[in-house]
Structure formats: structure tokens, C-alpha cells
Undergrad: 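Can you keep this structure in mind? I'll have questions shortly.
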Amino acid sequence: MELKINGQPMAVPPERRQDSLLQVLREPLGLAGAKLGCGAGQCGACTVLVDGEATRSCLLPVAAVSGREVTTIEGLAQGSTLHPLQRAWLDEAVAQCGYCQAGQIMGALALLRIKARPSDAEIDEALSAHLCRCGTQKRIRRAVRRVAGSAV
Ligand code: FES
Ligand code: FES
């Protein structure tokens with residue numbers, strides 16, 4: 001089975017074909033940005049894009065994304081140039097422990113691609129199912145506002 005991750009073909013070893021997308025991303029593929037939080041589809045730490053849609057990878061069988069476009073946080077920067085959302089996250093000093101942040105950024109990216117200038121209520125709604133025990137939600141909102149209207 002072959003996956004398309006961040007524009008690159010990647011092979012899934014036969015013995016890992018029953019695993020979740022998150023398990024395969026983190027090991028053996030070595031893409032550790034998406035995190036295992038709840039493992040139950042509730043926290044958003046494992047969020048990646050599948051065909052552009054914010055998707056929880058912890059419960060998604062890897063076989064379900066065969067032939068589909070998967071984008072992880074590692075696929076956002078262009079070489080040494082950060083993606084505008086990553087830049088905004090730094091400018092607003094959003095992250096605390098950081099555990100939830102890759103999922104938050106992927107959720108924000110999916111939102112901005114369907115709504116270039118979301119209202120605060122729309123930002124809150126889109127990210128409400130992304131839990132952050134460090135209380136970064138206000139800074140996340142400011143970071144998303146910084147990028148609103150830009151091509152992402
Ligand atoms: Fe996937 Fe929590 S680890 S939603
Ligand atoms: Fe720590 Fe969100 S920054 S859980």
C-alpha cells in the first residue's frame with residue numbers, strides 16, 4: 001500500500017496495514033508532528049488534512065487514506081520558510097507545552113481554506129473540539145486573525 005503524504009509517495013509496510021493513520025505517520029514514517037492525545041477522536045491533537053479536510057488520524061485506518069492526499073504539519077513549511085500560520089503562531093507566542101498545537105494549526109488551516117476571513121465565532125466553532133489544557137485559545141484566535149485574507 002502506498003500513501004501520498006505531503007506530496008510524496010510513501011509505502012506502508014505490510015505488517016502495519018491494520019494500524020491507524022496516526023500510528024503509521026509517527027512510526028515508521030517518522031512524521032511525529034501529529035500527537036496521540038486521547039486516542040478516541042475527542043481532543044484534536046492528531047489532526048491532519050485528508051484531501052484538504054481536517055481529520056482525526058488516531059481512529060482512521062491507514063487503509064482508508066490509500067490514494068488520498070494527506071497533509072501533516074511537516075508539509076506546511078517550504079524549505080526554511082515557515083507557512084504563514086506557523087509564522088503567526090510564533091508571532092503570537094501561541095504555544096505553551098505545545099502538545100496540541102500541530103493539531104490546532106491543521107484545524108485552522110482547514111478553516112482558512114474554506115473561509116478566508118472567519119469571524120471570531122467561526123474560529124471558536126472550528127477549533128472548539130481541539131482541546132488545549134494550557135489555555136492558548138485566545139492567542140490561537142489572534143494568530144488566525146493575522147493570517148485571515150492571505151493565501152494559505
Ligand atoms: Fe486523536 Fe485525540 S488523539 S482526537
Ligand atoms: Fe499545551 Fe495546548 S499548548 S495543551
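We count ligands from 1, going down the list as the structure has it; atoms in each ligand are counted the same way. We use all heavy atoms of the structure for the numbers below, so side chains are in, but hydrogens, waters and symmetry mates are not.
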Undergrad: Could you list the atoms of ligand 1 found under 4.0 angstrom from a heavy atom of G39?
TA: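 Ligand 1 atoms under the 4.0 Å threshold to G39: 2 (Fe), 3 (S).
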Undergrad: If you leave out waters, which protein N, O or S atoms are less than 2.8 Å from atom 2 (Fe) of ligand 2?
TA: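 Short answer, with waters excluded from the count: C100 SG, C132 SG.
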Undergrad: With a 4.5 Å cut-off on side-chain heavy atoms, are C132 and Q137 touching?
TA: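 Q137 reaches C132 side chain to side chain.
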Undergrad: Do I73 and I105 make a side-chain contact, defined as non-hydrogen atoms from C-beta onward lying under 4.5 Å apart?
TA: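 Yes, close enough: below the 4.5 Å cut-off.
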Undergrad: So do N6 and E74 actually touch side chain to side chain, heavy atoms under 4.5 Å?
TA: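 Counting from C-beta outward, E74 and N6 do come under 4.5 Å.
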Undergrad: Check this for me: does any side-chain nitrogen of one of R145 and D120 sit under 4.0 Å from a carboxylate oxygen of the other?
TA: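 Between D120 and R145 there is a salt bridge, with a charged N closer than 4.0 Å to a carboxylate O.
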Undergrad: Within the 4.5 Å heavy-atom criterion, are C58 and S20 side-chain neighbours or not?
TA: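 A side-chain contact under 4.5 Å is absent here.
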Undergrad: Run T136 and Q104 through side-chain hydrogen bond (donor to acceptor under 3.5 Å, both in side chains) and show every step you take.
TA: CA-CA 10 Å; T136 63; Q104 303 270 13; 4.8 Å; no
Undergrad: Looking at side-chain heavy atoms only, is the closest gap between L25 and T72 below 4.5 Å?
TA: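 L25 reaches T72 side chain to side chain.
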Undergrad: Does the side chain of Q101 reach to within under 4.5 Å of the side chain of V94, using non-hydrogen atoms?
TA: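 They are in contact (side-chain heavy atoms under 4.5 Å apart), so the answer is yes.
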Undergrad: Strictly under 2.8 Å, is atom 2 (Fe) of ligand 1 approached by any N, O or S atom of C46?
TA: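 Within the cut-off used here (under 2.8 Å), C46 places no N, O or S atom near atom 2 (Fe) of ligand 1.
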Undergrad: G41 heavy atoms, cut-off 4.0 Å: which ligand 1 atoms fall inside?
TA: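 Those atoms are 4 (S).
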Undergrad: Show me which atoms of ligand 1 lie under 4.0 Å from any heavy atom of G37.
TA: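 By the 4.0 Å cutoff, the relevant atoms are 3 (S).
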Undergrad: Does some side-chain heavy atom of V50 sit less than 4.5 Å from a side-chain heavy atom of L60?
TA: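 Sidechains of V50 and L60: in contact.
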Undergrad: Counting each atom of ligand 1 from 1 as listed, which ones have a heavy atom of R56 under 4.0 Å away?
TA: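 That gives atoms 4 (S) of ligand 1.
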Undergrad: May I ask you to check whether C58 brings an N, O or S atom to under 2.8 Å from atom 2 (Fe) of ligand 1?
TA: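 No N, O or S atom of C58 is closer than 2.8 Å to atom 2 (Fe) of ligand 1, so no.
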Undergrad: How would you list, by chain and number, every residue that makes a salt bridge (charged side-chain N to carboxylate O under 4.0 Å, His left out) with R16, sequence neighbours excluded?
TA: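 R16 satisfies salt bridge (charged side-chain N to carboxylate O under 4.0 Å, His left out) with D19, E27 only.
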Undergrad: Just which atoms of ligand 1 are under 4.0 Å from any heavy atom in Q42?
TA: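 Listed by number with element, the hits are 4 (S).
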Undergrad: Which of the numbered atoms in ligand 1 are below 4.0 angstrom from a heavy atom of C43?
TA: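 Atoms satisfying the 4.0 Å criterion: 2 (Fe), 3 (S), 4 (S).
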Undergrad: Find all atoms of ligand 1 within a distance of less than 4.0 Å from any non-hydrogen atom belonging to C38, and give their numbers and elements.
TA: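 Counting atoms of ligand 1 from 1, those under 4.0 Å from C38 are 2 (Fe), 3 (S), 4 (S).
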Undergrad: Identify, by atom number and element, the atoms of ligand 1 in contact range of G44, meaning under 4.0 Å from any of its heavy atoms.
TA: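 Selected atoms, number and element: 2 (Fe), 4 (S).
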Undergrad: Do the side chains of M106 and W89 join up, straight or via other hydrophobic residues, at under 4.5 Å, putting them in one cluster?
TA: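 Yes, M106 connects to W89 through the hydrophobic network.
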